[in-house]
2 protein chains.
Amino acid sequence: MARYRVGIETRERILSATRRLLSEVGIEGVTLKAITDQASVGAGSFYNLFGSKEEAVFEVVREAIEAVDPDPEGVGTDTLADLVDAFVTFMTDSSPIARIYLQLAVGRGLTDPAIAHRVVRSHQRRVERFADAWLREDPSLSEQEATRRAEVMLASLTGLGLSALLDETFDMRAHARELVPGARSTTEG
Amino acid sequence: MARYRVGIETRERILSATRRLLSEVGIEGVTLKAITDQASVGAGSFYNLFGSKEEAVFEVVREAIEAVDPDPEGVGTDTLADLVDAFVTFMTDSSPIARIYLQLAVGRGLTDPAIAHRVVRSHQRRVERFADAWLREDPSLSEQEATRRAEVMLASLTGLGLSALLDETFDMRAHARELVPGARSTTEG
DNA sequence: TCCATCTTTGAGTGTACGCTACATTTCATC
DNA sequence: GATGAAATGTAGCGTACACTCAAAGATGGA
C-alpha cells in the first residue's frame with residue numbers, strides 16, 4: 001500500500017487531516033467523512049491506505065506521544081530547568097498535539113487498559129529523566145527521593161498544562177518556573 | 001414531569017442506572033438502551049422524565065462534582081491537609097466517578113469552550129478555597145502568593161490524581177502528603 | 001366509582017456511522 | 001502506447017444510535 005508518489009501524498013493528507021480534526025474537534029468529531037472531506041479523498045482511497053479509521057487515529061496519536069519527550073539527544077545532560085521549559089513549550093506552543101495527547105491519555109486511557117499502559121510507560125520514562133536531573137541538581141538526594149520529587153514535579157506540570165489548555169489566560173510558564181528549586185521569585189524572562 | 005410517586009421513583013431508577021453504567025462501562029457505554037434496560041424502563045418513560053440522554057448524564061456528573069468538595073459547611077475552617085485529603089479521597093475512593101469527572105472535564109473541555117468555562121469556574125472556586133487555607137497556615141503570605149501556591153497545589157493534585165487513575169499501583173496519598181508544608185517525610189497514617 | 005391527568009410501552013423513524021464493492025482512472029515500466 | 005498494478009470516487013450496505021408517538025394503563029383526588 002502506498003507505493004507510488006500520489007499514494008504517499010494521499011496518506012500524508014489523510015494523517016494531516018486526522019491530526020487537525022483530533023486537536024480541533026476532539027476524538028468524537030473524527031468521523032470517516034470528516035477525515036475524507038478534510039483530506040479531499042474518497043472513502044475508498046482511505047481504505048486503500050489504512051485498514052481502519054482507528055489505524056489512522058492511532059498513527060497520529062503515536063506521533064503525539066513521542067512528541068512529548070523533549071530533545072532526546074539531551075538525555076543525561078539537561079537541567080531541571082531545561083526539562084521544565086521543554087515541557088511548558090510543548091504544552092503551550094504545540095498545543096494541538098498536547099491537546100491530543102491529553103485527550104488520549106484521559107479520554108481513552110481511563111477506559112482502555114492498553115492505552116493506559118502506553119501512557120504510563122512513556123510517563124515513567126519521563127519520570128526517570130526528571131529524576132536524573134534532580135540527582136544532578138542535588139547529588140545528596142537518594143535515588144528514591146529523586147524519583148519521588150520527579151513524580152510530583154511531572155504531576156504538577158501535567159496539571160498546570162491542563163489548566164493552560166482549558167484557560168488561555170493561564171500563565172503556565174510563570175507557575176512552572178516556581179517548581180524549579182532556586183528559581184523561586186525570580187522574574188527574569 | 002414526575003408529579004406522582006411512581007414518576008419520581010422511575011426518575012431515580014434511571015439516574016441510578018446511569019450512574020452505575022458511567023462508572024462501570026465508561027461514558028461510551030452509556031447508551032439509551034443500556035440505561036433503559038438497566039432501569040427496566042421503556043424509552044418513552046425516559047423521555048417523559050428527561051429531555052435528552054445528555055441531561056441524565058449531566059445530572060449524574062453534577063452530583064459527582066459537588067461531592068469533590070469536602071463538607072461545604074466547613075468553608076473557611078478546614079486546613080490545607082483537610083482539603084488535600086478530601087481531594088485524594090475523592091480520586092481514590094470514588095475513582096469511577098472521578099474518572100468520569102476527568103474524562104468530561106478534559107475530553108469535552110478541550111474542545112467545547114462552554115464546558116471549558118464551567119470547568120475553569122469550578123476550578124477557580126477550589127483555588128480560592130485552597131488559597132484561604134494557605135493564608136490561615138501562613139498569615140505572612142500575600143494574597144497573590146497564596147493564590148499562586150493554591151494554583152500549583154491543585155495542579156499537582158490533579159496530575160497526581162491522573163497518575164493514580166491510570167496506574168493502580170501509584171500511591172497518590174503518599175505523594176500528595178508531601179505537598180503540604182510541615183508534613184514532609186512524616187510517615188503517620 | 002369516576003375520570004382527568006400522569007405514566008408507561010415498544011415498535012417505529014430518521015440519521016450518522018464505519019466500511020465495502022466495483023467500475024473507472026492514473027501511474028510506472030517496458 | 002500497451003500493460004498490469006495501484007489509486008480513486010461513489011453508491012450503498014448493515015448497524016447502532018437517540019429520539020418520537022399513539023395507544024394503553026396506572027394513579028389518586030372528587
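Order of the sequence lines fixes the chain letters, A, B, ..., with proteins taken first and strands second; residue numbering starts at 1 for each chain.
Residues B:Tyr4 and B:Thr31 both approach DNA chain D. Their nearest nucleotides, taken by heavy-atom distance, put B:Thr31 toward the 5′ side. Nearest-nucleotide positions on DNA chain D place A:Val41 closer to the 5' end than the other of B:Lys53 and A:Val41. Across the interface with DNA chain C, nearest-nucleotide mapping of B:Ile8 and B:Ala43 shows B:Ile8 to be the residue nearer the 5′ end.
An OP1 or OP2 oxygen of C:dT8 is reached within less than 4.0 angstrom by a side-chain nitrogen or oxygen of B:Thr10. Distances shorter than 4.0 Å separate some side-chain N or O of A:Tyr47 from OP1 or OP2 on C:dC19.
A salt bridge links B:Glu59 to B:Arg62: at least one charged side-chain nitrogen sits closer than 4.0 Å to a carboxylate oxygen. Between B:Asp85 and B:Arg173 there is a salt bridge, with a side-chain nitrogen of the basic residue lying less than 4.0 Å from a carboxylate oxygen of the acidic one. For the pair B:Glu145 and B:Arg148, the salt-bridge criterion is met [side-chain N within less than 4.0 Å of a carboxylate O].
Rounded to a whole Å, the CD atom of A:Glu28 is 16 Å from the P atom of C:dA16. Atom CD1 in B:Ile35 sits about 17 Å away from atom C1' in C:dT9, given to the nearest Å. Distance, A:Lys33 NZ to C:dC19 P: 16 Å, rounded to whole Å. Between B:Glu9 atom CD and C:dC6 atom C1' there is a gap of 14 Å when expressed in whole angstrom units. Regarding B:Arg13, its CZ atom lies at a distance of 13 Å from the P atom of C:dT7, rounded to whole Å. For A:Asp37 and C:dG18, the CG to C1' distance is 14 Å, given to the nearest whole Å. For B:Leu49 and D:dC19, the CG to C1' distance is 15 Å, given to the nearest whole Å. Atom CD of A:Glu54 is separated from atom C1' of C:dC17 by 13 Å (rounded to the nearest Å).
Counting non-hydrogen atoms under 4.0 angstrom, B:Ser45 reaches a base of the nucleic acid.
The distance from atom CG of B:Leu157 to atom CG of B:Leu162, rounded to the nearest 0.5 Å, is 12.5 Å.
For B:Arg5, whose side chain is taken as the heavy atoms from C-beta onward, the closest listed nucleotide among C:dT8, C:dT20, D:dG28 is D:dG28.
For the 3.5 Å distance criterion, the side chains of A:Ser122 and A:Arg126 qualify, holding a donor opposite an acceptor.
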